[in-house]
Amino acid sequence: MRQLLCFFISCLTYSSVQAQLFYNQRPEFLKANAVWAFGDSSGIDFNNGVPVGINTSIAPMEGGASICDTATGELLFYAGGGKCYNRNHEVMPNGDTLYGGGYTMLPNNQLLNIGGTTAQGDCIVPVIDSPGKYYLFSLNYQGGSPGLRYSIVDMELDNGLGDIVPGGKNVLLDGSSLSEAMVAIPGNNCDIWLVVHEFTGPVFKAYHITREGLHPDPVVSSTGSQIGGIYMIGRMAVAPNRNMVAFAVYGSQFITMLPPHSVGLLLCKFDTGTGVFSNGTLLSSEQALNVCFSPDNAKLYAGYGYLLQYDVSGFLSGAAIPNPVFVTGINTLLSPKLYKDTIYLSNPSGLSRICSPNLTGADCDLQYDFLTLGSGGGWLPSDVVYPLPPDTLGEKLLDTLVCTHNQSGWSLQLTIPLGYKDYTWSDGAPDTNRTVTERGTYWLRYKDDCHTYVDTFIVRGADAAFDLGSDTTLCSRPELLLDATVPDAESYYWQDGAAGSSYTAREEGHYWVEVRKSGCVFVDAVNLDFIRVKQDLGEDLSVCRGEAIELKVSALTPDGGTVLWSTGSSQADLYIRDTGTYWITVTQPPCTGSDTIRVLPELCDCYIQIPNAFSPNGDGLNDVFQPVIEPDCLVRGFQLQVFNRWGQLIYQSPVSSGVASGWDGRHKGQPADAGTYIYRFWMEAGTGSTIRQEQGEVLLLR
């Protein structure tokens, strides 16, 4: 008998199981980016559902960023060309001479306007959990060092029009030389990553923005080929799923001085939880500038003076990226930007768009110059992103199989993560630990500052009560029934493939069974040993009386067994030379076997005596003439005939088996005369069925 208690636990962890919109499809993103302010004094307002051209105050063609109210879409402020403007298109009181976008810092900490511009020189990011406050990041142009500073805009200043806070202007964040590409990406935990790229090396830097503020030490990732370098213009694009980033670099001048692969198109994976870039893949070493993802993440648009479309649907799973598809040869499409389900591109006189960017090649429906802007078409601004709102994450799914065999009860400790708050179980209990004694589904909800987590514990399985018994020694060849019946069992599997709930064992050996029920496998086994002590001396034996007897009988003796004959002998063989009853006992604990044989004498042929006279006078002596047969003789058949001296038959006994009959001296009911008579008889007698026939004379006396 074996008792079994099994807990099989598998754990599946997944970062987020809640279906949600891509970050750039969420209402707060669409409202925050409802008004675009960009170069050449251009702008677009999407608040009426269709893009409408507006005028802004940004003079340079590159750079620019704008932000709107996340609820109403009303313009709050924008920046570009080294200045920050309020919603009235006026420079904020402290909003001029911003680092980047045409200004450089002199050794005496004075800014000098050198007229340069940066492709993605401005980026606005909200200060998390500080409504009305924003980081305004400014990126130096063409690798100028120091590369990155930021200012803080407070919308409560200047009577609600906003201004850069005193002491919060041009704060140094990164003193190294950086490329002209800069994007913000929402993280997984109510946070944001600000991403830049080194100017002379294949290095991404991701600055982490959380509730605690802006962390000064970036997450550094080295991936991909060298891209970017002297006089390089760069732009980045983020996929809607946040897990891919494309980086395009274009040489602006002195092209012959560029190192190999310093220009081109790089595609990387991005981990929104850790800020790490990986799997850098160079899609092209040709100069590229325009880059944008489709709404479904499957297409990547890149401009090389003409527009190509890459299929990147398998990139995250490791699939090869096929050759790109040609879209158009127009070389004046710049700074593509995805908004809702459309990609917009600037051109010298206004705006173009790709109406169906999820479709392949020409089916994407490129519409050139669909909207004319009065002051031309500068490069489109950077996106404003917000932390993804707190959500509920399915953190763990624990599937526990509890299988109890011949056991009346069980308990299971459910292990939960520590370091969180507001623990609540499915029954409302606030316990941090839980011991369960019944199967079912249990869930635990707990929180941190950003997410609500749900762990689900599924406890399933079955109980089974069956027992093949203890290992057993049997003293004779068995037919032992092994029973493994379990109510509602799904299957049975015995050691030889038999499938019934019971099994009849007819040989010694190892027997086992698997019983399956509700995902559980129960196993029990038993060993059966047979001690063969059963004796067989044969059938009883008869020998003819007087014959010599020479009979050998043998014991069936297992190894280690003892023998005892009725004669007192302990040998395996016994020689019988006389009639009688003989027995044997063979012992091997716990088994004993016995048998008996009888050797009996028998009359194979019988002795017979026939009298020569008899006197039927009723005195009880010799009243009947008949043969005298040896006692215990087996008579199988007999007949006696008597004739007178003239040969007449005067007596004949019936043919019979058993005791022989005789003549009482009468003929036809009357006493026969005294005198001499002739007799004749035959007899089959003895175990050998010997036929005897006799004839002679007998004297009847009166």
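Position 1 is the first residue of the sequence; numbering continues from there.
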Heavy-atom distance under 4.5 Å between the side chains of [X] and [Y], does that happen here?
| X | Y | value |
| --- | --- | --- |
| L75 | N86 | no |
| L338 | P240 | yes |
| V291 | M236 | no |
| L148 | V196 | yes |
| V127 | I209 | no |
| R87 | L161 | yes |
| M182 | F137 | yes |
| L98 | L136 | yes |

Donor on one side chain, acceptor on other, [X] and [Y], under 3.5 Å:
| X | Y | result |
| --- | --- | --- |
| R149 | N140 | no |
| D455 | Y446 | yes |
| Y368 | T332 | yes |
| N290 | S335 | no |
| S41 | T56 | no |
| Y301 | Q309 | yes |
| Y453 | D448 | yes |

For this session: Dump the intermediate steps for side chain to side chain contact (heavy atoms under 4.5 Å, CB included) on K269 and M244, then the final yes or no.
Result: CA-CA 5 Å; K269 293 182 180 179; M244 293 185 289; 5.6 Å; no

Where the side chain of [X] meets the backbone of [Y], is there a donor-acceptor pair that is under 3.5 Å apart?
| X | Y | result |
| --- | --- | --- |
| Q287 | Y250 | no |
| S317 | G314 | yes |
| H451 | N188 | yes |
| N94 | G168 | no |
| D40 | S42 | no |
| D271 | G275 | no |
| S66 | V35 | yes |
| T70 | E28 | no |
| D191 | N189 | yes |
| E180 | G121 | no |

Problem set entry | Presence of salt bridge, K83 and D96, under 4.0 angstrom |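 Here D96 does not pair with K83 in a salt bridge, since their nearest N and O are not under 4.0 Å apart.
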
Problem set entry | Electrostatic pair D174-K205, nearest N-O below 4.0 angstrom |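 Yes, this pair counts.
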
Measuring from [X]:[atom1] to [Y]:[atom2], what's the distance to the nearest 0.5 Å?
| X | Y | atom1 | atom2 | answer |
| --- | --- | --- | --- | --- |
| L371 | S352 | CG | OG | 9.5 Å |
| L300 | Y310 | CG | OH | 8.0 Å |
| L316 | N241 | CG | CG | 6.0 Å |
| N331 | N347 | CG | CG | 11.5 Å |
| L282 | L266 | CG | CG | 6.0 Å |
| N33 | I124 | CG | CD1 | 9.5 Å |

On a heavy-atom basis, which atom in [X] and which in [Y] lie closest, and how many Å separate them?
| X | Y | answer |
| --- | --- | --- |
| L76 | D69 | CG-N, 3.7 Å |
| D163 | G95 | OD1-N, 4.0 Å |
| L308 | P324 | CD1-CG, 3.8 Å |
| V153 | C84 | CG2-SG, 4.2 Å |
| G264 | A288 | O-CB, 3.8 Å |
| G175 | S145 | O-OG, 2.8 Å |

Can you sort out the partners of [X] under ring pair (Phe, Tyr, Trp, His ring centres under 6.0 Å), two or more places apart, ordered by chain and number?
| X | answer |
| --- | --- |
| F293 | none |
| H89 | Y78 |
| Y344 | W36, F46 |

For this session: Please determine which of V385, N297, N24, L388 meets the side-chain contact (heavy atoms from CB on, under 4.5 Å) test together with R242.
Result: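 Option passing the side-chain contact (heavy atoms from CB on, under 4.5 Å) with R242: L388.
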
Exceeds 12 heavy-atom contacts within 6.0 angstrom, atom [atom1] of [X]:
| X | atom1 | answer |
| --- | --- | --- |
| N88 | CG | yes |
| K447 | NZ | no |
| E286 | CD | yes |

Exercise. Taking the six-membered ring for Trp, are F277 and F204 parallel (under 30°), tilted (30 to 60°) or perpendicular (over 60°)?
Worked result: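 Judged by the thresholds at 30° and 60°, the geometry between F277 and F204 is parallel.
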
Problem set entry | disulfide bond (SG atoms under 2.5 Å apart) partners for C364, two or more places apart |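 Result, disulfide bond (SG atoms under 2.5 Å apart) vs C364: none returned.
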
Exercise. Excluding sequence neighbours, so at least two apart, what forms disulfide bond (SG atoms under 2.5 Å apart) with C450?
Worked result: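 Per chain and number, C450 pairs via disulfide bond (SG atoms under 2.5 Å apart) with C190.
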
For this session: Would you sort out whether V203 and T223 count as a side chain to side chain contact (heavy atoms under 4.5 Å, CB included), showing the intermediate values?
Result: CA-CA 6 Å; V203 176; T223 184; over 6 Å; no

Exercise. Can Y207 and H215 be said to form a ring pair (Phe, Tyr, Trp, His ring centres under 6.0 Å), step by step?
Worked result: CA-CA 6 Å; Y207 287 91; H215 294 251; over 10 Å; no

Exercise. Which pairs pass salt bridge (Lys or Arg N to Asp or Glu O under 4.0 Å) with one or both residues in residues 325-351, sequence neighbours excluded?
Worked result: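 Sorted result for residues 325-351: K337-D383.
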
For this session: Could you go through the side chain to side chain contact (heavy atoms under 4.5 Å, CB included) check for Y386 and I128 one step at a time?
Result: CA-CA 8 Å; Y386 277 78; I128 299 174; over 6 Å; no

For this session: Report the C-alpha distance between S349 and L373 in whole Å, list the side-chain angles of each, state the deciding distance to 0.1 Å, and finish with yes or no for side chain to side chain contact (heavy atoms under 4.5 Å, CB included).
Result: CA-CA 6 Å; S349 59; L373 300 176; over 6 Å; no

